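Beneath this line is the structure, given in structure tokens, with notes to follow.
The analysis underlying the following values was restricted to heavy atoms, covering all of them including side chains, and did not include hydrogens, waters or symmetry mates. It should be emphasised that the depicted structure is a prediction, and the values quoted were computed from it without experimental measurement. Order of listing sets the numbers, starting from 1, for every ligand and every atom in it.
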Amino acid sequence: MIIEKIEIGKINVPLITPFKTALRTVESVEDIVIIIKTNTGHSGFGEAPPTAVITGDTHDSIIGAITLIGKQLIGKNIEDFNTLINIVHRTIIKNTSAKAAVEIALYDLFAQSMNRPLYKVLGGGPSQLKTDLTISVDSVEKMVADSLKAIEVGFDQLKIKVGKNITEDIFRIKSIYDAVGPNIKLRLDANQGWSVKESLYAIKKIEEYGIVLDFVEQPVKASDIDGMIKITSEVLSPILADESIFSPKDAIEVITRKAADIVNIKLMKTGGISNALKIINICEIYDIPCMIGCMLEAGISVTAAAHLAAAKSSIITRIDLDGPALCSENPLDGGIIMNGSKIILSNKPGLGITNITGFELIKDIK
Ligand code: MG
């Protein structure tokens, strides 16, 4: 299976409702998609969203990095898989979203070359998962209504975005909890929007109300590891590190300094599956549970994340793969099927994706 051609293009999928966090507001998923084609007629698919405020990656930077890496991959054999992964990471530093897109397509082809679905190549696991759903920051009334709507379609885990105003944030959580009741798991994501003092005040206040949070995600700035340590040590609610952990080295630092109780793995931060596997191994060694998350992604990269989560379900105990559930349409033929909170994996080889509707070619590398 020799790599002959790499197509780089774009997809545009409108969101059902605008996605609002402490950092940004987004109306549609506009992701870079790559298709790696081989001499045997196989296609490997990959995807990368431009999440400038988190990863530093833009459309143009992703295309540039994929082009640089892609040129090194033409003519190489999928059988030399480790060499290909080394090329992805040694050709350019940072640019984790572009690396993730390329890696996902390579893992897709590697599993196809074995005629097995990716999660089985990664060791096997359940073919069905359950994700939470994100509730965007908005007026309290809108957030309560969105939460109730989510429960109606089968979600029992909600990730509430907060982080704009501490008093309002506490009121948001209290109001949603009062509306949905104690049987719905509430996760809270501040997206670095709080200070250390605000975090301690808000979390303790919420705990005083008797609300048991599944976790509080990234309350303070990604680089404020000392702040994360203080919060983790002083509150009962588990603290989850998201933006603080990109690389396996970051995971070692956060875990050994006790700056979080849970680690959020996203392929767009790690630069793909190979580094995600290293972080999973580190977490396993230190007995730290993981969540798998996603950016605003359509379905290709989320399919890859779901296969990884299935194969590592003993350590990835929380799933936050709601990107496709926020999209108004599904551009994929094949891949995961999402039905309410259920994610069903395909048993076709690789990621099981055969076509992307609305793929607009930007350039190809031969
Ligand atoms: Mg987050």
(request) Report yes or no: does Asp242 have an N/O/S atom closer than 2.8 Å to the Mg ion (ligand 1)? (result) yes

(request) Tell me, please, if Asp189 has any N/O/S atom, main chain or side chain, under 2.8 Å from the Mg ion (ligand 1)? (result) yes

(request) Could you verify whether a donor N or O on one side chain and an acceptor N or O on the other, from Thr83 and Lys76, lie under 3.5 Å apart? (result) no

(request) Output yes when Lys185 and Asp132 qualify as a salt bridge under the 4.0 Å nitrogen-oxygen rule, no when they do not. (result) no

(request) Would you name the N/O/S atom of Glu217 that lies closest to the Mg ion (ligand 1)? (result) OE2

(message) Parallel, tilted or perpendicular, judged at 30° and 60°: which one describes the rings of Phe81 and Phe110?
(response) parallel

(message) As a test of understanding, state which of Lys161, Glu217, Arg24 forms a side chain to side chain donor-acceptor pair (under 3.5 Å) with Asn191.
(response) Lys161

